[in-house]
Student: 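What follows is a structure written as structure tokens; I'll ask about it next.
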Amino acid sequence: MATMDKEVEIEETTEEITIEMEENEEEPMEEEQEEEDERTPEEKAEDMKKEGNSFYVQKEYLKAIDLYTEAINLCPKCASYYGNRAACYIMLDKFKDGLEDARTAVRLDPSFLKGHLREAKCHLALGEVDGSIRSLEEVMRLDSNNKQAKNELVTARACFKFISEGKKAYEKEDFRKVLFCMERAISLAPACSRFKVQRAESLVLLKRYGEAQVALNELLQRDGMNADAIYVRGLCFYYEDIIDKAIQHFQQTLRLAPDHTKSRLAFKKCKSLKVKKEEGNTAFKSGKNQLAYDLYTEALQIDPLNVFTNAKIYLNRAIVGTRLGKTDQAIEDCSKAIELDPKYTKAYLKRAKCFMETELFEEAVRDYEKVYEMQKTKEHRMLLQDAKLELKKSKRKDYYKILSVSKNANEDEIKKAYRKHALLHHPDRHASKSVEERKEEEVKFKEVGEAYNILSDAKKKYRYDSGQDLEDMSNGFADFDANNLFQAFFSGGGGHSHHHHGHSFPHGFSFQFG
């Protein structure tokens with residue numbers, strides 16, 4: 001209920017009316033005829049007003065309104081009756097009705113101060129600040145010392161300031177300040193739908209969709225045909241990626257207000273985004289990956305503020321990007337999707353998969369941990385375990401990389417690779433180089449031997465591929481000698497003997513430099 005003075009035109013009486021009857025006095029047997037009411041309409045109206053005042057004091061405002069209405073019907077030119085009924089409407093938060101009565105009261109009696117004050121109160125509650133200030137200034141003209149008018153002028157001007165600052169903040173897209181200003185304005189003008197709509201719109205633009213929906217539902221329950229509120233609710237659905245409902249709301253707004261510019265622009269943008277996204281999806285399903293990629297790129301340009309829809313489009317483009325070999329771009333697109341929607345599990349999963357493919361295992365583990373934190377499923381636990389295993393394996397020497405073979409290389413490919421790299425890095429081949437260069441080649445030669453020692457043995461290779469620590473597999477290579485392996489390989493028919501002038505190798509194998 002609105003707070004206001006309870007000064008109505010009440011005339012108090014201390015006279016107590018009692019009816020005395022004689023003991024054992026019998027009532028007359030014949031019906032008494034009703035006495036003719038000889039009161040004038042003015043006297044009847046005054047009695048109605050007094051009874052209405054009594055109900056007003058008891059806060060039974062609806063009963064008081066009925067009595068004031070009867071008084072008005074009897075004396076429609078009496079300003080105080082309208083003023084009293086306006087007071088009741090204010091207490092019931094029916095400010096439009098109160099404003100109508102207050103206006104009538106001051107029109108009948110321009111010097112009626114309480115009429116002007118109630119008119120000002122209704123104007124302010126409805127957000128009509130200019131009207132409130134005019135009414136209060138009229139009170140001050142009639143009574144320059146009116147304390148109530150002075151206080152309410154301060155309030156009205158404060159509200160005007162919040163409205164002005166909110167408008168400037170909206171133009172600068174400072175929606176936090178708009179929200180602040182509108183909430184202060186609403187506290188002073190509790191029945192102003194316009195302020196409530198702008199507050200809800202600010203919540204939407206601040207991505208506080210749940211709060212916005214609550215505010216809009218309350219507003220639309222009271223005023224289901226409020227075109228601005230319906231538009232903002234559509235905007236909320238639009239930014240929540242509930243596109244079909246958004247379109248319905250924008251269409252309803254335009255039916256109620258065909259010239260609603262914001263709704264027309266939002267409807268056009270909403271339809272455009274939906275169509276472009278669907279075109280991209282169709283191209284993707286048809287295997288037209290480059291076309292799909294281009295269409296998703298175009299869709300992302302339509303409305304940067306639509307975070308949830310754009311997050312999905314970024315993920316779609318990432319999926320297409322991997323098919324086009326644009327893995328780095330796909331990772332970037334997934335990151336943008338996550339930035340827009342931090343709870344977007346699918347984007348984390350896709351980025352983690354890309355990280356695995358590019359052997360960025362630490363990053364993959366972090367993403368899978370985030371996914372498992374959000375959704376503790378068996379599948380996500382397995383993905384996390386696999387990523388941790390690959391991370392552990394990546395911290396060891398990569399023997400496949402040392403031999404320049406794929407992880408699916410067969411026995412012959414591994415032998416050929418060893419022969420090539422062992423000859424390339426054998427110390428004798430680099431005897432004429434500097435000490436540092438010789439040491440570097442010796443290390444490489446030993447690593448080539450280690451790689452072949454593991455990958456040429458089916459059991460060791462399996463254990464290596466499964467992530468077992470090297471120390472457990474070969475005692476840390478404490479007894480491993482790369483030269484012995486080299487000699488055994490070439491002497492055992494794994495290589496071919498050649499005779500060249502230069503440094504001697506086992507069984508006559510030698511290099512020719514030049």
Student: Please tabulate, for side-chain N and O atoms in residues 362-372, each donor-acceptor pair with protein atoms closer than 3.5 Å (sequence neighbours left out).
Tutor:
residue : atom : partner : partner atom : Å
Glu362  : OE2  : Lys395  : NZ           : 3.2
Asp367  : OD1  : Arg351  : NH2          : 2.8
Asp367  : OD2  : Arg351  : NE           : 2.7

Student: Tell me, yes or no, whether the heavy-atom count around Met374 atom CE, taken from other residues, nucleotides or ligands under 6.0 Å, exceeds 12.
Tutor: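 Above 12, so yes.
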Student: Quick one: CD on Glu298 to CG on Leu273, what's the gap to the nearest 0.5 Å?
Tutor: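 Interatomic distance, Glu298 CD to Leu273 CG, rounded to 0.5 Å: 12.0 Å.
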Student: Taking the six-membered ring for Trp, are Tyr464 and Tyr399 closer than 6.0 Å centroid to centroid?
Tutor: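 So the answer is yes for these two rings.
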Student: Using distance only, find each side-chain donor-acceptor pair of residues 245-258 under 3.5 Å and give its atom names and separation, not counting sequence neighbours.
Tutor:
residue : atom : partner : partner atom : Å
His249  : ND1  : Lys245  : O            : 2.9
Thr253  : OG1  : Tyr231  : N            : 3.2
Thr253  : OG1  : His249  : O            : 2.9

Student: Any salt bridge linking Lys461 with Asp465? Criterion: basic side-chain nitrogen under 4.0 Å from a carboxylate oxygen.
Tutor: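 Counted as a salt bridge, because a side-chain N and a carboxylate O are separated by less than 4.0 Å.
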Student: Do Ser111 and Asp109 pass the side chain to side chain donor-acceptor pair (under 3.5 Å) test, and can you show the C-alpha distance, the side-chain angles, and the key distance before you say yes or no?
Tutor: CA-CA 5 Å; Ser111 64; Asp109 181 3; 2.7 Å; yes
Student: Quick check: do Ile331 and Thr358 have side-chain heavy atoms less than 4.5 Å from each other?
Tutor: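 Side chain of Ile331 against side chain of Thr358, heavy atoms only: contact under 4.5 Å found.
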Student: State, with a plain yes or no, whether a side-chain heavy atom of Asn146 is found less than 4.5 Å away from one of Lys150.
Tutor: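 Answer no - side chains too far apart.
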Student: Strictly below 4.0 Å, N to O, side chains only: are Glu332 and Lys336 in salt-bridge contact?
Tutor: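 Yes, charged N to carboxylate O under 4.0 Å.
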Student: Can Arg103 and Glu100 be counted as an ion pair, charged N to O under 4.0 angstrom?
Tutor: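 Glu100 and Arg103: not salt-bridged.
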Student: Indicate yes or no: at least one non-hydrogen side-chain atom of Asn226 is less than 4.5 angstrom from one of Ile230.
Tutor: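 They are not in contact (no side-chain heavy atoms under 4.5 Å apart), so the answer is no.
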Student: Does Gln375 have any side chain to side chain donor-acceptor pair (under 3.5 Å) partners at least two apart in sequence or in another chain, and if so, which?
Tutor: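 With sequence neighbours excluded, Gln375 shows a side chain to side chain donor-acceptor pair (under 3.5 Å) to Thr345, given in chain and number order.
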Student: Suppose we screen for salt bridge (Lys or Arg N to Asp or Glu O under 4.0 Å). Which residues come up paired with Lys207, at least two apart in sequence or across chains?
Tutor: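 By the salt bridge (Lys or Arg N to Asp or Glu O under 4.0 Å) rule, Lys207 matches no residue at all.
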Student: So that I can tick it off, tell me whether Glu46 and Lys49 are bridged by a salt bridge, with the cut-off set at under 4.0 angstrom between side-chain N and carboxylate O.
Tutor: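 Salt bridge: yes.
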Student: Under the 6.0 Å and 45° cation-pi test, does Lys326 pair with Tyr293?
Tutor: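 Checked: cation-pi criterion met.
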Student: For the atom pair CZ (Phe55) and CD (Gln58), what is the distance rounded to the nearest 0.5 Å?
Tutor: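 Nearest 0.5 Å value for the CZ-CD distance: 6.5 Å.
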Student: For the atom pair NZ (Lys388) and CD (Glu390), what is the distance rounded to the nearest 0.5 Å?
Tutor: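 Answer rounded to 0.5 Å: 14.0 Å.
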Student: Are there more than 12 heavy atoms of other residues, nucleotides or ligands under 6.0 Å from atom NZ of Lys346?
Tutor: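 No - once you tally the heavy atoms of other residues, nucleotides and ligands closer than 6.0 Å, there are 12 at most.
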Student: Start with the C-alpha gap between Cys75 and Tyr81, add the side-chain angles, then the distance that decides, and say whether side-chain contact (heavy atoms from CB on, under 4.5 Å) holds.
Tutor: CA-CA 9 Å; Cys75 291; Tyr81 300 163; 3.8 Å; yes
Student: Please check this pair: side chain of Ser272 against backbone of Lys268, looking for a donor-acceptor N/O pair closer than 3.5 Å.
Tutor: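 Not a single qualifying donor-acceptor pair exists.
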Student: Nearest 0.5 Å please: distance from the CG atom of Asn289 over to the CD1 atom of Ile319.
Tutor: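 If I round to the nearest 0.5 Å, the distance is 11.0 Å.
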Student: Measure the spacing between CG of Leu391 and CG of Asp386 and express it to the nearest 0.5 Å.
Tutor: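 The CG atom of Leu391 sits 12.5 Å away from the CG atom of Asp386.
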Student: Any side-chain heavy-atom pair from Leu108 and Tyr82 closer than 4.5 angstrom?
Tutor: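 In short, these two side chains touch, coming nearer than 4.5 Å.
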Student: For the residue pair Glu165 and Lys168, establish whether any side-chain heavy-atom pair is separated by less than 4.5 Å.
Tutor: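 In short, these two side chains do not touch, never coming nearer than 4.5 Å.
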Student: Mark yes when over 12 heavy atoms from residues, nucleotides or ligands other than Glu60 sit less than 6.0 Å from its CD; otherwise mark no.
Tutor: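 Atom CD in Glu60 is crowded, with more than 12 foreign heavy atoms closer than 6.0 Å.
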Student: Got Asp130 and Arg134 here, is their nearest side-chain heavy-atom distance under 4.5 Å?
Tutor: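 In contact.
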Student: Verify the neighbour count for atom NZ of Lys277: are there more than 12 heavy atoms of other residues, nucleotides or ligands below 6.0 Å?
Tutor: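 Yes, enclosed.
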Student: Given the rule in the side chain to side chain donor-acceptor pair (under 3.5 Å) test, do Asn281 and Tyr296 qualify, once you have shown the distances and angles that lead to the verdict?
Tutor: CA-CA 8 Å; Asn281 293 346; Tyr296 289 140; 2.6 Å; yes
Student: Quick one: closest heavy-atom pair of Val178 and Ser202, and the distance?
Tutor: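 For Val178 and Ser202, the tightest heavy-atom pair comes out as CG1-OG, 3.0 Å.
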Student: Under the side-chain hydrogen bond (donor to acceptor under 3.5 Å, both in side chains) definition, can you give me all pairs with a residue in residues 176-196, not counting sequence neighbours?
Tutor: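 For residues 176-196, and leaving out neighbouring residues, the side-chain hydrogen bond (donor to acceptor under 3.5 Å, both in side chains) pairs sorted by first residue read Glu183-Arg199.
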Student: Is the centre of the Tyr61 ring less than 6.0 Å from the centre of the Tyr56 ring?
Tutor: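 So the answer is yes for these two rings.
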Student: Measure the shortest side-chain to side-chain distance between Arg381 and Lys376 over non-hydrogen atoms and say whether it is less than 4.5 angstrom.
Tutor: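 No, side chains not in contact.
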Student: Can you sort out the partners of Asp303 under side chain to side chain contact (heavy atoms under 4.5 Å, CB included), two or more places apart, ordered by chain and number?
Tutor: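 By the side chain to side chain contact (heavy atoms under 4.5 Å, CB included) rule, Asp303 matches Tyr238, Tyr239, Lys269, Leu305, Asn306.
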Student: Quick one: pull up CD in Gln213 and OH in Tyr209 and give me the separation to the nearest 0.5 Å.
Tutor: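 Going from the CD atom of Gln213 to the OH atom of Tyr209 covers 11.0 Å.
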Student: Are Glu240 and Lys312 close enough for a salt bridge, meaning some N to O gap below 4.0 Å?
Tutor: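 Between Lys312 and Glu240 there is no salt bridge, as every charged N stays at least 4.0 Å from the carboxylate O atoms.
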Student: For residues Thr69 and Met48, determine if any side-chain heavy atom of one lies less than 4.5 Å from a side-chain heavy atom of the other.
Tutor: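 Sidechains of Met48 and Thr69: no contact.
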